[in-house]
**Student:** 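Quick one: structure below, then a few questions.
Heads up: numbering here begins at 1 and tracks the sequence. Keep in mind that this is a model prediction, so the values were computed, not measured.
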Amino acid sequence: MERQFAFVCDYAEQDNKLHAVGIGWETIYTANMPCTHPVMCFVAGLRGTIAEAGTKSISLRLIDGDGEDVIPPMHHQVHFEVKQPQLESNLRIVMNFVNVQFKKYGPYAIHLVVQGNDMGSVSFHVSEIPTTT
């Protein structure tokens, strides 16, 4: 499988289509630490072939700049199907993170692992609110 895209956003859902709101942010601003971020969403699109059809083990890790897990890793089993007469298909992953507590300012990343293979990450920062002078 190959990753077509991945991003974090404010909200996402999937039915027959993928819907996402607030795409493109890179920083969570907060005045105090620790802070709790109410909702953020990780979205990824994977593409695979008929030879890869079947149940897939998917893990997501939200880690800080020191490589420590912010929350326990999330593990899911998903079924990847390629319908005839197609030879390839898409797998969309939408995962909501609710009330995540960040303990320090700095870089963070959400890593996507499929069948033990790192499919890449999406990074962001938690920073102090900028002051104007």
Side-chain angles (χ1 to χ4, degrees):
M1 298 193 100
E2 68 179 39
R3 185 181 89 173
Q4 293 180 307
F5 60 84
F7 57 86
V8 289
C9 62
D10 295 332
Y11 174 78
E13 70 178 18
Q14 178 179 302
D15 45 35
N16 290 330
K17 295 180 182 178
L18 178 63
H19 307 275
V21 176
I23 301 169
W25 57 264
E26 297 175 345
T27 307
I28 296 171
Y29 291 104
T30 183
N32 301 305
M33 280 293 168
C35 76
T36 300
H37 193 70
V39 178
M40 67 179 176
C41 224
F42 173 82
V43 178
L46 305 175
R47 184 107 178 132
T49 68
I50 196 166
E52 298 171 291
T55 301
K56 302 293 176 199
S57 173
I58 294 178
S59 299
L60 288 175
R61 288 185 61 203
L62 173 55
I63 61 171
D64 64 19
D66 296 323
E68 299 294 324
D69 288 309
V70 175
I71 60 173
M74 304 167 92
H75 305 286
H76 297 279
Q77 298 288 319
V78 297
H79 184 70
F80 174 66
E81 181 179 13
V82 179
K83 296 182 180 178
Q84 295 289 339
Q86 302 298 317
L87 298 177
E88 296 181 337
S89 189
N90 296 313
L91 176 63
R92 302 290 185 239
I93 298 164
V94 176
M95 188 65 61
N96 290 301
F97 293 83
V98 179
N99 293 324
V100 174
Q101 185 177 57
F102 296 99
K103 295 180 181 176
K104 58 187 174 184
Y105 295 115
Y108 291 83
I110 300 173
H111 287 262
L112 172 63
V113 178
V114 177
Q115 294 295 109
N117 297 310
D118 186 354
M119 302 299 287
S121 64
V122 176
S123 61
F124 59 94
H125 281 79
V126 176
S127 298
E128 289 184 78
I129 297 172
T131 58
T132 56
T133 54

**Student:** What's the spacing between Tyr105 OH and Ser127 OG if we round to 0.5 Å?
**Tutor:**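 Between atom OH of Tyr105 and atom OG of Ser127 there are 8.5 Å.
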**Student:** Which value, rounded to the nearest 0.5 Å, describes the distance between Ser121 atom OG and Phe42 atom CZ?
**Tutor:** 8.5 Å
**Student:** Return the minimal non-hydrogen interatomic distance between Glu13 and Tyr11, and the atom names on each side.
**Tutor:** OE1-OH, 2.6 Å
**Student:** For residues 90-97, dump all side-chain donor-acceptor pairs below 3.5 Å to protein atoms at least two apart in sequence or in another chain.
**Tutor:**
unit_1	atom_1	unit_2	atom_2	d
Asn90	OD1	Arg47	NH1	3.0
Arg92	NH1	Gln4	OE1	3.2

**Student:** Are Ile58 and Val122 connected in the hydrophobic side-chain network, where two residues link if heavy atoms are under 4.5 Å apart?
**Tutor:**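 Yes, one cluster joins them.
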**Student:** Determine, stepwise, if the pair Val100 / Phe102 fulfils side chain to side chain contact (heavy atoms under 4.5 Å, CB included).
**Tutor:** CA-CA 6 Å; Val100 174; Phe102 296 99; 3.7 Å; yes
**Student:** For Asp69 and Ile63, work out which heavy atoms get closest and say how close.
**Tutor:**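 Closest heavy-atom pair between Asp69 and Ile63: OD1-CG2, 3.6 Å.
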**Student:** Do Ile50 and Met1 land in one hydrophobic cluster if side-chain heavy atoms of ILVMFWY residues count as linked below 4.5 Å?
**Tutor:** yes
**Student:** With a 6.0 Å cut-off (strictly less than), is the heavy-atom count around CG of Asn16, excluding the residue itself, greater than 12?
**Tutor:** no
**Student:** What is the distance from atom OH of Tyr108 to atom NE2 of His37, rounded to the nearest 0.5 Å?
**Tutor:**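 Between atom OH of Tyr108 and atom NE2 of His37 there are 12.5 Å.
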**Student:** Could you grab the distance from atom CZ of Arg61 to atom CG of Leu112, nearest 0.5 Å is fine?
**Tutor:** 12.5 Å
**Student:** Within this structure, what is the CD1-CD1 distance for the pair Ile110 and Ile71, rounded to the nearest 0.5 Å?
**Tutor:** 8.0 Å
**Student:** Would you kindly confirm whether Leu60 and Val8 end up in one hydrophobic cluster when ILVMFWY residues are joined by side chain heavy atoms under 4.5 Å apart?
**Tutor:**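 Yes, Leu60 and Val8 fall within the same hydrophobic cluster.
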**Student:** Hey, could you give me the NZ/CD distance between Lys104 and Glu68, rounded to the nearest 0.5 Å?
**Tutor:**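 Output value for this atom pair is 7.5 Å.
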**Student:** Is there a side-chain contact between Glu52 and Leu46 (heavy atoms, below 4.5 Å)?
**Tutor:**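 No, every pair of side-chain atoms sits at 4.5 Å or beyond.
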**Student:** For residues 21-34, which side-chain donor-acceptor pairs fall under 3.5 Å, sequence neighbours excluded?
**Tutor:**
unit_1	atom_1	unit_2	atom_2	d
Trp25	NE1	Asp10	OD1	3.3
Thr30	OG1	Asn32	O	3.1

**Student:** Please report, to 0.1 Å, the donor-acceptor pairs under 3.5 Å made by any side chain of residues 72-84, with sequence neighbours excluded.
**Tutor:**
unit_1	atom_1	unit_2	atom_2	d
His75	ND1	Ser59	OG	2.7

**Student:** Hey, any chance Met119 and Leu62 share a hydrophobic cluster, counting ILVMFWY side chains that come within less than 4.5 Å of each other, even indirectly?
**Tutor:**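 Yes, Met119 connects to Leu62 through the hydrophobic network.
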